[in-house]
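Only one structure is covered here, and it is reproduced in the block below.
For ligands, and for the atoms within them, numbers begin at 1 and follow the listed sequence. Quick note: numbers below take in every heavy atom, side chains included, and nothing from hydrogens, waters or symmetry partners.
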Amino acid sequence: MTSKVTPVITIDGPSGAGKGTIAQNLATALEFHILDSGSLYRLTALAARDDGIDLSDESRIADLALNLHVEFIPTDTGLQVLLRDEDVTEAIRKEEVGMDASKVAALPKVRKALLERQRSFSDQPGLVADGRDMGTAVFPHALLKIFMTASLEERAERRYKQLKAKGVNVNIAALVKDLKLRDKQDANRAESPLKPAEDAILLDTTTMTIEEVTQKVLELAKQRLA
Ligand code: C5P
């Protein structure tokens with residue numbers, strides 16, 4: 001008996017492009033599993049801070065990443081994230097954690113340590129994975145690869161609205177600065193930099209609504225799955 005290949009859909013792109021929302025919508029519509037790979041880098045960074053490890057200590061952070069005790073629990077409002085049995089769903093979304101994640105994500109041994117864990121999310125009936133290198137490094141044989149972008153201003157605006165809705169007080173100029181710096185770090189690192197896979201479909205969502213992007217990606221997914 002031949003085993004069935006699990007279909008994987010990857011959504012990569014810069015920070016704040018809306019990848020997470022679209023990945024969630026797509027996974028729900030297709031009843032696929034979901035991998036928010038950025039959360040693994042965020043969790044690694046958070047655990048390193050908790051343990052007082054210097055964020056440039058590559059070997060110790062890689063070791064931490066390899067043995068990280070995390071759980072993703074599906075709820076009606078999205079995934080609940082536990083780190084060492086503690087609910088960190090909100091804590092990992094903070095801008096400073098995103099920045100720390102970008103620092104540890106530049107360390108090759110840390111990326112290697114998280115590789116198999118990310119691949120283990122691939123299971124029947126399928127997986128939607130979002131991040132920076134899903135289509136280039138983690139799932140190079142994915143069925144459909146999307147590279148989602150939006151202008152820097154639009155991404156900052158979206159992030160601003162998202163945080164404000166959660167009651168977090170933020171300054172839009174500071175958000176623009178953070179996103180710009182994080183994109184620069186992510187695109188310029190030597191290991192698995194942020195860039196579209198050669199066979200990725202580029203999708204500029206600057207003037208699109210969430211519903212329009214979801215429909216577009218769902219259409220592409222259904223074509224490939226047929
Ligand atoms: O997507 P998110 O903003 O949660 O990712 C946080 C950081 O983790 C990114 O800025 C990036 O440095 C890193 N990351 C990565 N590769 C991924 C996903 C995230 O390097 N596949």
Side-chain angles (χ1 to χ4, degrees), residues 8-24 27 34-49 55-56 58 61-62 64-65 68 70 72 78-79 81 83 88-122 127-140 142 145-150 152 155-156 158-160 162-163 166 168 170 175-197 200 205:
V8 177
I9 298 169
T10 60
I11 305 180
D12 288 306
S15 308
K19 306 180 298 288
T21 306
I22 302 304
Q24 184 64 60
I34 187 160
L35 164 63
D36 164 11
S37 62
S39 69
L40 292 173
Y41 290 96
R42 287 173 183 263
L43 286 159
T44 302
L46 199 63
R49 284 274 188 215
L55 292 190
S56 58
E58 183 167 4
I61 299 178
L64 191 70
L68 211 57
V70 299
F72 296 94
L79 285 183
V81 187
L83 171 64
V88 293
T89 315
E90 294 289 320
I92 57 164
R93 294 293 143 212
K94 293 192 176 143
E95 282 304 300
E96 62 263 31
V97 179
M99 201 56 87
D100 283 354
S102 175
K103 282 186 196 138
V104 303
L107 305 171
K109 284 185 187 164
V110 173
R111 302 200 74 82
K112 193 158 175 264
L114 289 175
L115 193 60
E116 283 315 313
R117 191 189 285 254
Q118 294 175 87
R119 289 187 176 149
S120 74
F121 280 75
S122 169
L127 175 72
V128 182
D130 87 86
R132 306 292 184 289
D133 63 342
M134 296 295 97
T136 51
V138 181
F139 300 108
K145 300 177 184 179
I146 305 283
F147 193 84
M148 195 178 282
T149 61
L152 177 64
R155 289 186 284 122
R158 288 179 190 170
R159 185 57 59 93
Y160 177 77
Q162 215 177 33
L163 292 171
K166 281 192 201 158
V168 183
V170 277
L175 273 180
V176 169
K177 203 171 145 223
D178 273 12
L179 288 180
K180 215 169 164 180
L181 179 62
R182 198 135 67 86
D183 287 349
K184 195 172 161 206
Q185 267 174 202
D186 291 347
N188 291 321
R189 68 182 176 221
E191 192 79 17
S192 300
L194 165 70
K195 66 164 190 204
T205 68

Q) Has R111 got any heavy atom lying under 4.0 angstrom from an atom of ligand 1? A) yes
Q. Does R189 have a non-hydrogen atom less than 4.0 Å from ligand 1?
A. yes
Relative to the heavy atoms of [X], which atoms of ligand 1 are at a distance of less than 4.0 Å?
X	value
D133	16 (N), 17 (C), 21 (N)
S102	10 (O), 12 (O)
A105	12 (O), 13 (C), 20 (O)
A101	6 (C), 7 (C), 8 (O)
R42	2 (P), 3 (O), 4 (O), 6 (C)

Q) K19 side chain to D36 main-chain N or O, any donor-acceptor pair under 3.5 Å? A) no
Q: Would you please say whether a donor-acceptor pair under 3.5 Å links the side chains of T205 and R158?
A: yes
Q.
Under 4.0 Å, heavy-atom basis, I'd like to know which part of R182 is in contact with ligand 1: side chain, backbone, both or neither.
A. side chain
Q) What part of D186 sits under 4.0 Å from ligand 1 if we count only heavy atoms: the side chain, the backbone, both or neither? A) side chain
Q. Would E95 and R159 pass as an ion pair if we require N to O under 4.0 Å?
A. yes
Less than 3.5 Å apart, which donor and acceptor atoms pair up between the side chains of residues 97-107 and the rest of the protein, not counting sequence neighbours?
residue, atom, partner, partner atom, Å
D100, OD1, R49, NH2, 3.0
D100, OD2, R49, NE, 2.7
D100, OD2, R49, NH2, 3.3
S102, OG, Q185, NE2, 2.6
S102, OG, D186, OD1, 2.9

